[in-house]
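Have a look at the structure below before the remarks.
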Amino acid sequence: MKTSQILISTLREAPADAEIASHQLMLRAGMVRQLASGIYTWLPLGLRVLRKVENIVREEMDRAGAQEIMMSAIQPAELWQESGRWDHYGPELLRISDRHNREFCFGPTHEEIITDLVRREIRSYKQLPANFYQIQTKFRDEVRPRFGIMRAREFLMKDAYSFHLNDESLQETYEQMFQTYSNIFTRVGLNFRAVIADSGNIGGNKSHEFHVLADSGEDLIVFSDHGNYAANMEQAVAVKPEQARPDAIKSMETVATPDQHSIEKVSQFLNVGTDQCLKTLIVKSEEDGLVALVLRGDHELNEIKAEKLDGVMSPLTFADDIEIKSSIGCGVGSIGPIGLSIPIYVDHSAANVSDFVCGANSDGQHLTGVNWERDLPLPTTVDIRNVCAGDMAEDGSGKLEFARGIEVGHIFQLGTKYSASMKANCLDEQGKAVTLTMGCYGIGVSRVIAAAIEQNNDDKGIIWPTAIAPFQLALVPINMHKSVRLREAVMKFYDELKAAGIDVILDDRKERPGVMFADMELIGIPHRFVFSEKGLDAGEIEYKARTDTDNQNISLDTAIQFLKDRLS
RNA sequence: CGGGGUGUAGCUCAGUCUGGUAGAGCGCCACGUUCGGGACGUGGAGGUCGUAGGUUCAAAUCCUGUCUCCCCGACCA
């Protein structure tokens, strides 16, 4: 390909509304253009990258025995009503109606469609297990799209759905997909980590997310400093303290704490550590009542864990001041677990504190020297806090560290959530109808590209991993328009490169060298040959990798082999 | 959905407070001089100032409505 044949639309300055590196660079390098909030046009260069990622995904999915299909982007409401998600998915589902006023949606995901297909087509256990995938445009009407294609409303996704007779078979395919995802992200050239995850809105049991590690990542992930344990913050288990609760020493006293409503203020006022104070949060229950959650003062509530507790309203909803005042009789800053007439859950760590400080359920008063099982009974203890750096990993393999990640893949064991509600059955060996067990596996194909840039860029622009670069090699001639001799040599070399199967872009624009260098670096081409008349005389060509600081001269005769070695 | 911004040329922005016939840099086109790290000169093209209405002799500028886009939060693969 020559630059004269492809739209090179680079910008010197980043558009003002782009914040993060990948968004700015994709705009500056002419990969995408925004059409509306969260909706983008892919320009030729960007599309080449997208196709390369797509092809890696396709090859690895095919290798794993998955079958590619293509489902419609537009989906009829009936199937969503059947699964129950028409009412539950919310405004993120873009609903539309046709000329007959029949309701449809633009698919944000395809569980309903594939389940409908499979229940019609698959009759016998002999056809199982089966794994179907597609690479296709999804639409999710995000509340707040941001960061360019990182969190777009319309985006390209690879989604796969597997069907099984039993959990063992699902487990087998799940593990195979886990390996396939690892292969894909390794081939793309990303530094990634698989983490234990919450299964969220899609539903189901076991689930892993694949995160590309980058400081700009939206997700907080935790991992063991020794060993393999890694989890999403939402999901990371805070292990029970190992040592027993210390013996009670102090006696319980009521102290006046006027206007001290936060843990920080109370701890300073009474001169005790925040880890000696317990905070009591009041949330709504499923039956229109209230539930108390008790945590150590230095810990944060994990809302995902809390809303899974029996009796707690999901999504988690905090009680407002009025409800608290009328039910407990004091303000938010003075609540404590003693004498509460509502259900109480205590975090494991909070249950392990003795001689603690807590609210007295009376404005302006706190209790000190309080002890479980002496001053009040110890209610059910649970894990409802976020883990902290330095906590022991759940598997005991080491201490937890934090990192930021960009979620590029997610695999779930769905179980029978969709197959049961949509009656997807098949006959087993005994001729008995069995509800199919499902798994589903997603990759944000377009997001992978943003993540790759976040992880690989410098002040000059993008540095593509070779596997997904729009071109592997930039061939930059110096003043080719002034020398027929050079032009002929460059064209011959260009043809040889193409014949050798190298994905090369020849910059045949009549530009000064600095402009061509700057553009090729901004666009992120990982390898560069510079061809000049001087080099032609010496029988040499100049090579520089995008990440190199210096050039090196290579004999023209061996240049192609030299590059091939670099690419392998 | 709450809070805060924003909208003037392809991009970055000035002009708005204090109303008086639309500006700069970069980019683009032509010609010339240049030619190994985003050259220089001369000339040129390009904007119903988001949009609708109002005030005024006169509106990018003041007033009202509305839309867009961005940021923070809540939410979310």
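Computed from heavy atoms alone, side chains included, the values below leave out hydrogens, waters and symmetry copies. Here is how names work: the chains are called A, B, and so on, in the same order as the sequence lines, proteins then strands, and each is numbered from 1.
Distances were taken from every side-chain heavy atom of A:S37 (C-beta onward) to each of B:U12, B:G36, B:C69; the shortest belongs to B:C69. With distances taken from any side-chain atom of A:E13 to the nucleotides B:G25, B:C76, B:C1, the minimum falls on B:G25. Between B:G37, B:U12, B:G36, one nucleotide has an atom nearer to the side chain of A:P513 than all others, and that is B:G36. Minimum atom distance to the side chain of A:H481 is reached by B:C35, of the listed B:C1, B:G36, B:C35. Checking B:G37, B:A39, B:C71 against the side-chain heavy atoms of A:R512 singles out B:A39 as nearest. Considering only the side chain of A:F412, B:A77 comes nearest among B:C35, B:G36, B:A77. Side-chain atoms of A:H410 lie closest to B:A77 of the nucleotides B:G36, B:A77, B:C11. Picking from B:C11, B:C75, B:G36 the nucleotide with the shortest atom distance to the side chain of A:E542 gives B:G36. Nearest nucleotide to the side chain of A:N551, out of B:C76, B:G36, B:C11: B:G36.
The side chain of A:Q34 places no N or O atom within less than 4.0 Å of a non-bridging phosphate oxygen (OP1 or OP2) of B:U68. Contact between the side-chain N/O atoms of A:R140 and the OP1/OP2 oxygens of B:A77 is not found at any separation under 4.0 Å. Of the side-chain N and O atoms in A:R144, one or more sit less than 4.0 angstrom from OP1 or OP2 of B:C71.
The base of B:G37 is paired with the side chain of A:R528 by a donor and an acceptor separated by under 3.5 Å. Put simply, the side chain of A:E511 and the base of B:G37 share no donor and acceptor less than 3.5 Å apart.
For B:C70 and B:U8, the P atoms lie 14 Å apart once the distance is rounded to whole Å. Taking the C1' atoms as reference points, B:A14 lies 14 Å from B:U61, given to the whole Å. Spacing between B:G50 and B:U6 at atom C1', rounded to whole Å, works out to 11 Å. Nucleotides B:G47 and B:U66, compared at atom P, are 31 Å apart to the nearest Å. The separation of B:U55 from B:C62, taken at their C1' atoms, amounts to 8 Å, rounded to a whole angstrom. When the C1' atom is compared between B:G19 and B:A58, the two are found 8 Å apart, to the nearest whole Å. For the C1' atoms, the distance from B:G27 to B:U64 is 38 Å, rounded to whole Å. Nucleotides B:G54 and B:A45, compared at atom P, are 34 Å apart to the nearest Å.
Among the atoms of the strands shown, none is found under 4.0 Å from any heavy atom of A:E533. At the heavy-atom level, A:S532 lies under 4.0 Å from base atoms of the strands shown. Within 4.0 Å (heavy atoms only), A:R33 reaches no atom of the nucleic acid at all. Across all strands, A:A18 comes closer than 4.0 Å to no nucleic acid atom at all (heavy-atom distances). Among the protein residues, A:K482 comes within range of the nucleic acid bases, having at least one heavy atom under 4.0 Å from a base atom.
Ionic pairing of A:D537 and A:R485 is present here: one or more N-O contacts between side-chain nitrogen and carboxylate oxygen are shorter than 4.0 angstrom. A salt bridge does not link A:K2 to A:D508: none of the charged nitrogens lies less than 4.0 Å from a carboxylate oxygen. Classification of A:E488 and A:K492 as a salt-bridged pair fails, no side-chain N sitting under 4.0 Å from a carboxylate O. Taking a cutoff of 4.0 Å between a charged side-chain nitrogen and a carboxylate oxygen, A:R385 and A:E300 do not qualify as a salt bridge. Ion pairing of A:R187 with A:E60 is present here, as a side-chain N (NZ or NE/NH1/NH2) and a carboxylate O approach within less than 4.0 Å.
Whole-Å rounding puts the A:F155 CZ to B:A77 P distance at 11 Å. The distance from atom CD of A:E209 to atom P of B:C76 is 13 Å, rounded to the nearest whole Å. Atom CG of A:L7 and atom P of B:C28 are 13 Å apart (whole Å). A:E142 places its CD atom 9 Å from the P atom of B:A77, with the value rounded to the nearest Å. For A:L522 and B:C11, the CG to C1' distance is 13 Å, given to the nearest whole Å. Between the CZ atom of A:R151 and the P atom of B:C71 there is a distance of 12 Å, given to the nearest Å. For the pair A:E234 CD and B:A77 P, the interatomic distance rounds to 8 Å; values are reported in whole Å. Atom CG in A:D17 sits roughly 11 Å away from atom C1' in B:C11 (whole-Å rounding).
When the nearest nucleotides of RNA chain B are assigned to A:V143 and A:T10 by heavy-atom distance, the more 5′-ward of the two goes with A:T10. Comparing A:F147 and A:M516 by the nucleotide of RNA chain B that holds the closest heavy atom to each, the one mapping nearer the 5' end is A:M516.
Residues A:E407 and A:E218 form no side-chain contact, since every pair of their non-hydrogen atoms from C-beta on lies 4.5 Å or further apart.
When each of A:I263, A:N386, A:L281 is tested with A:L295 by the rule side chain to side chain contact (heavy atoms under 4.5 Å, CB included), just one qualifies, namely A:L281.
A donor-acceptor contact closer than 3.5 angstrom links the side chains of A:Q134 and A:D159.
Nucleotide B:G25 is matched to B:C11 when pairs are restricted to Watson-Crick or G-U wobble geometry with both distances under 3.5 angstrom. With both pairing distances under 3.5 Å, B:C49 is matched to nothing as a Watson-Crick or G-U wobble pair. Of the nucleotides present, B:U42 is the one that pairs with B:A30 by Watson-Crick or G-U wobble criteria, both distances under 3.5 Å. Using the Watson-Crick or G-U wobble rule with both distances under 3.5 Å, B:C17 pairs with nothing in any strand shown.
Ring pair A:F210/A:Y181 is tilted by interplanar angle, where 30° to 60° counts as tilted.
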